[in-house]
Novice: 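There's a structure below that I have some questions on.
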Amino acid sequence: MPRPTAAQLAYGSCTVIFSTLAMLLLSQTSSGLGITVITLSALALGLLVAVTVPLPRRAPSATAAPAVQARVPVRRETVAASVSMSPEPVHEPAGP
């Protein structure tokens, strides 16, 4: 099982703390059973949030690199420019 990241721990902890406080303040319960139910539900919610935080993407593995290099290379040809910027006509040498 992978270890949790710092973001997962932070989001989960903040969720537990804030949801516990919010539920206790909104419910205004003073019984032990009510506090226990709120605490357990806040822990479950915090665990759910920590698990669903997106994990960082991994770098491409070394096995994927040869597959990229196996592509057929594109054949490139150079094309000479046929437009001249000078106002004089272009004289091409007569070829054999």
Side-chain angles (χ1 to χ4, degrees):
M1 183 172 169
R3 294 182 179 169
T5 62
Q8 287 175 318
L9 291 174
Y11 284 132
S13 299
C14 288
T15 302
V16 169
I17 292 168
F18 290 130
S19 63
T20 303
L21 288 175
M23 286 188 277
L24 284 173
L25 290 173
L26 290 174
S27 69
Q28 297 179 354
T29 186
S30 58
S31 68
L33 181 62
I35 293 173
T36 303
V37 168
I38 288 174
T39 304
L40 290 176
S41 62
L43 285 173
L45 184 63
L47 181 63
L48 178 70
V49 167
V51 170
T52 57
V53 170
L55 296 175
R57 295 184 182 191
R58 294 184 181 180
S61 62
T63 59
V68 173
Q69 294 174 355
R71 293 182 182 170
V72 178
V74 177
R75 184 175 176 184
R76 298 182 181 180
E77 298 178 10
T78 57
V79 178
S82 61
V83 178
S84 175
M85 297 301 287
S86 63
E88 302 138 10
V90 177
H91 299 287
E92 295 181 5

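Just the heavy atoms: all of them, side chains too, but no hydrogens, waters or symmetry mates, feed the values below.
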Novice: Nearest 0.5 angstrom please: Leu43 CG to Thr15 OG1, how far?
Specialist: 11.0 Å
Novice: To check you understand the geometry: which heavy-atom pair defines the closest contact between Ser41 and Ile38, and what is its length?
Specialist: OG-O, 2.8 Å
Novice: Quick one: closest heavy-atom pair of Gln8 and Arg3, and the distance?
Specialist: OE1-O, 4.4 Å
Novice: Any idea which heavy atoms bring Leu45 and Ser19 closest together, and the distance?
Specialist: CD2-CB, 3.9 Å
Novice: Ignoring hydrogens, what is the shortest heavy-atom contact between Ala50 and Gly12? Give both atom names and the distance.
Specialist: CB-CA, 4.1 Å
Novice: So does Val49 get a backbone contact from the side chain of Thr52, meaning a donor-acceptor N/O pair under 3.5 Å?
Specialist: yes
Novice: Looking at CG of Leu40 and CD1 of Ile35, how far apart are the two atoms once the value is rounded to the nearest 0.5 Å?
Specialist: 12.0 Å
Novice: My understanding is that only one of Val53, Val16, Val51 makes a side chain to side chain contact (heavy atoms under 4.5 Å, CB included) with Tyr11; could you say which?
Specialist: Val53
